[in-house]
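Beneath this line is the structure, given in structure tokens, with notes to follow.
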Amino acid sequence: VQLQASGGGLVHSGDSLRLSCASSGRTLSHCAVGWFRQHPGQEREFVAAISRIGLHKYYADSVKGRFTISRDNAKNTLYLQMNSLKPEDSAVYYCAADFALSKGSSYVPKQKDAYDYWGQGTQVTVSS
């Protein structure tokens, strides 16, 4: 699976952005997928994840109620709708995929070590 993240940019506090992650190669519907972010000098942290067919989702507490993860398996694309952005949301955002055919349709991985494939990252900067 090759993943290509896009949609980052510079916005003001309170604005919205939608990140996209397009995949090629292995069918994305075989994978649970997620978003992580990394602040400068810090570890990559979990943001949100969604199960293979999209019925199960999990969010970090810091983004719950503001961010929405979704997927379109027909388009092999993952999304992250980010609303009410805050300066502390500024980071490089990465999409990731975990090949999960054997792990059940409700599987939602939250640990970065669970993921097999990573996109290149897209920068989100939120000014106050």
Side-chain angles (χ1 to χ4, degrees):
V1 175
Q2 290 80 45
L3 302 173
Q4 180 75 36
S6 61
L10 172 63
V11 297
H12 295 291
S13 182
D15 285 349
S16 298
L17 272 179
R18 188 175 82 154
L19 305 183
S20 299
C21 177
S23 74
S24 59
R26 181 168 273 170
T27 303
L28 195 63
S29 63
H30 294 172
C31 301
V33 287
W35 290 96
F36 288 74
R37 67 187 181 186
Q38 190 165 18
H39 299 95
Q42 297 186 25
E43 292 287 321
R44 195 168 296 186
E45 66 179 22
F46 172 79
V47 175
I50 187 169
S51 59
R52 281 194 295 112
I53 56 174
L55 294 182
H56 301 271
K57 303 177 184 181
Y58 191 83
Y59 297 93
D61 288 343
S62 58
V63 306
K64 202 173 294 183
R66 299 187 298 121
F67 291 11
T68 302
I69 189 170
S70 62
R71 63 189 299 164
D72 186 335
N73 285 342
K75 295 181 178 179
N76 271 345
T77 303
L78 169 69
Y79 303 99
L80 185 68
Q81 177 67 42
M82 305 186 295
N83 297 330
S84 302
L85 282 162
K86 304 175 181 180
E88 52 264 40
D89 294 319
S90 298
V92 177
Y93 283 71
Y94 297 89
C95 55
D98 175 8
F99 184 69
L101 268 183
S102 64
K103 298 177 183 177
S105 60
S106 63
Y107 173 66
V108 182
K110 308 169 192 66
Q111 303 298 322
K112 60 180 182 292
D113 291 344
Y115 287 84
D116 305 302
Y117 309 99
W118 291 85
Q120 87 289 359
T122 184
Q123 176 72 49
V124 172
T125 304
V126 184
S127 64
S128 58

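Atom set for the values below is all heavy atoms of this structure, side chains included, hydrogens, waters and symmetry mates excluded.
At a threshold of 4.5 Å between non-hydrogen side-chain atoms, the residues R52 and N73 do not count as touching. In this structure, K75 and S20 have side chains that are not in contact, with every pair of non-hydrogen atoms separated by 4.5 Å or more. Put simply, the side chain of C31 reaches to within 4.5 Å of the side chain of V1, judged on heavy atoms. Within the 4.5 Å cutoff, side-chain heavy atoms of M82 are placed close to those of Y93.
Note that OH of Y117 and CD of Q2 are 9.0 Å apart. Values are rounded to the nearest 0.5 Å. How far CG of D98 is from CG of D116: 5.0 Å, rounded to the nearest 0.5 Å. To the nearest 0.5 Å, atoms NE2 (H56) and OG (S106) are separated by 5.0 Å. Taken from OH in Y107 to CG in L101, the straight-line distance is 12.5 Å, to the nearest 0.5 Å. To the nearest 0.5 Å, atom CH2 of residue W35 and atom CD1 of residue I50 are 12.0 Å apart. Rounding to the nearest 0.5 Å gives a distance of 13.5 Å between CZ of R44 and CZ of R37.
Put simply, the side chain of R71 gets close to the backbone of S51: a donor and an acceptor are under 3.5 Å apart. Distance alone, capped at 3.5 Å, places no donor-acceptor pair between the Y79 side chain and the T68 backbone. A donor-acceptor pair is defined here as one N or O able to donate and one able to accept, closer than 3.5 Å; such a pair exists between the side chain of K110 and the backbone of V108. Q120 contributes no side-chain N or O that, together with a main-chain N or O of Q4, makes up a donor-acceptor pair within less than 3.5 Å. At least one donor-acceptor pair under 3.5 Å links the side chain of H39 to the backbone N or O of S90. Remark: the backbone N or O of L28 is paired with a side-chain donor or acceptor of N76 at under 3.5 angstrom.
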Donor-acceptor pairs under 3.5 angstrom involving side-chain atoms of residues 121-128: please list them, not counting sequence neighbours.
residue, atom, partner, partner atom, Å
T122, OG1, G8, N, 3.1
Q123, NE2, A91, O, 3.4
Q123, NE2, T125, OG1, 3.4
S127, OG, V11, O, 3.3
S127, OG, H12, ND1, 3.0

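Between Y59 and K57, the shortest heavy-atom distance links the atoms OH-CD, 3.7 Å. The minimum heavy-atom distance between A22 and T77, with the atom names listed, is CA-OG1, 4.2 Å. For the residue pair L80 and A48, the shortest heavy atom distance occurs at CD1-CB, 4.3 Å. Of all heavy-atom pairs spanning S70 and L78, the tightest one is O-CD1, 3.3 Å.
Using a 4.0 Å cut-off between a side-chain N of Lys or Arg and a carboxylate O of Asp or Glu, K64 and D61 qualify as a salt bridge.
With sequence neighbours excluded, the residues satisfying ring-ring contact (aromatic ring centres under 6.0 Å, His included) with F36 are F46, Y115, W118.
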Begin with the C-alpha distance, continue with both residues' side-chain angles, and end with the deciding distance and a verdict on side-chain contact (heavy atoms from CB on, under 4.5 Å) for F67 and L17.
-> CA-CA 10 Å; F67 291 11; L17 272 179; over 6 Å; no

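Counted within 6.0 Å of CD on Q111, heavy atoms from surrounding residues, nucleotides or ligands total 12 or fewer; the atom is thus considered open.
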